[in-house]
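To start, the structure itself, in structure tokens.
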Amino acid sequence: PCRGGRGGGIERLPGRPEAAPRPPGEPLAAARRVPAREQPAHTAAKLSRPLADLGEQDEARHAADTVSQAAPAESVTAQALARAAMSQTALRAHHVEKAEALLHEAIRKVPGGMLDLQALLHANLAKAVSSAGREHEARDLIQEVVGLYQRKGNLVAAQRAADLLASGTP
């Protein structure tokens, strides 16, 4: 099985980048699979979460707004990432119900075969329901994340989710 991260890329192991082999050209090949008109949405979506984590709420909100404006309507991935980015900014602003609604909408849009994206969205939803005090529901969602990553063959991400489950921290 592949030791992949989000988006199907090869993930480096924390503190030991040399331990995670990376096929030559993998990042470039992954980038080329994203149609040019979807790239701004994908990039903004990837930027919104770390910005929010750093406390840069205005910048995170701007990135989420960019995603929602740039995401082509026919792109399931871009639309799901847009909703995920918007949910993160809503959650940071303590609008838990709005964050949950956006994530449920994103999950409904994503086909069952897109396991990494499904797992990402379910993990985000677990964080939202946990912040609302619904720990049992959050644990169930993390268990689902573990299963999705295992089905994908993403053993590193599955183990990380299982570790979260074991620690009781969604």
Side-chain angles (χ1 to χ4, degrees), residues 1-11 22-23 25-53 59-93 95-132 137-138 140-158 160-161 164 170:
C2 166
R3 300 173 101 177
R6 288 187 202 143
I10 299 297
E11 175 175 300
R22 179 180 289 197
E26 171 85 18
L28 184 57
R32 286 184 177 150
R33 287 191 296 267
V34 177
R37 56 195 217 90
E38 290 183 30
Q39 287 178 356
H42 286 235
T43 301
K46 289 176 184 174
L47 285 173
S48 69
R49 183 175 210 139
L51 287 169
D53 289 345
E59 290 295 322
R61 194 172 8 270
H62 177 70
D65 290 344
T66 299
V67 177
S68 67
Q69 293 167 8
E74 70 279 1
S75 170
V76 170
T77 302
Q79 288 295 319
L81 290 173
R83 282 160 182 76
M86 291 185 294
S87 76
Q88 293 305 306
T89 58
L91 191 57
R92 292 283 181 177
H95 301 298
V96 177
E97 288 180 13
K98 181 178 180 181
E100 285 185 60
L102 286 162
L103 288 164
H104 281 292
E105 187 179 338
I107 289 167
R108 282 192 303 272
K109 287 183 170 293
V110 177
M114 299 179 83
L115 300 175
D116 279 333
L117 186 53
Q118 284 281 347
L120 170 69
L121 296 171
H122 281 84
N124 287 351
L125 184 56
K127 184 176 180 180
V129 301
S130 176
S131 72
E137 187 178 347
D140 290 347
L141 285 162
I142 293 297
Q143 186 62 51
E144 191 167 345
V145 169
V146 171
L148 287 164
Y149 280 134
Q150 286 174 338
R151 283 181 38 214
K152 174 72 176 182
N154 187 338
L155 303 181
V156 171
R160 284 185 182 161
L164 278 177

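Numbers here are sequence positions counted from 1.
- Heavy-atom neighbours of H104 NE2 from other residues, nucleotides or ligands within 6.0 Å: above the threshold of 12.
- When every heavy atom of I142 is checked against every heavy atom of A161, the shortest pair comes out as CG2-O, 3.3 Å.
- Separating the CG atom in L120 from the CE atom in M114 is a distance of 11.0 Å, to the nearest 0.5 Å.
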Solution key, residues 80-90 side-chain donor-acceptor pairs under 3.5 Å, sequence neighbours excluded:
residue : atom : partner : partner atom : Å
R83     : NE   : E105    : OE2          : 2.7
R83     : NH1  : Q79     : O            : 3.1
R83     : NH1  : Q79     : OE1          : 2.6
R83     : NH2  : E105    : OE2          : 3.0
S87     : OG   : A84     : O            : 2.7
T89     : OG1  : M86     : O            : 2.9

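- With rounding to the nearest 0.5 angstrom, the CD atom of E100 is 7.5 Å from the OG atom of S131.
- Scanning all heavy atoms of the two residues, the minimum distance from L51 to A63 falls at CD1-CB, 4.4 Å.
- For Q118 (side chain) and V110 (main-chain N/O), a donor-acceptor pair under 3.5 Å exists by modelled atom type.
- Atom CG of L141 is separated from atom CG of N124 by 11.0 Å, given to the nearest 0.5 angstrom.
- The side-chain contact (heavy atoms from CB on, under 4.5 Å) test applied to A93 returns H95, not counting sequence neighbours.
- Residues A123 and V145 approach most closely at N-CG2, 3.5 Å, considering heavy atoms.
- Contact of the L102 side chain with the K98 side chain is registered, since non-hydrogen atoms from C-beta on lie closer than 4.5 Å.
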_Please evaluate residues D140 and E144 with respect to the criterion side chain to side chain contact (heavy atoms under 4.5 Å, CB included), reporting the C-alpha separation (whole Å), side-chain torsions for both, the decisive distance (0.1 Å), and the verdict._
CA-CA 6 Å; D140 290 347; E144 191 167 345; over 6 Å; no
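- Between L117 atom CG and H122 atom NE2 the span is 10.5 Å, to the nearest 0.5 Å.
- Nearest heavy-atom pair across D116 and Y149 is OD1-CE2, 3.4 Å.
- Across all their heavy atoms, G112 and R151 have their closest contact at O-NH2, 4.1 Å.
- For the residue pair A128 and L103, the shortest heavy atom distance occurs at CB-CD1, 4.3 Å.
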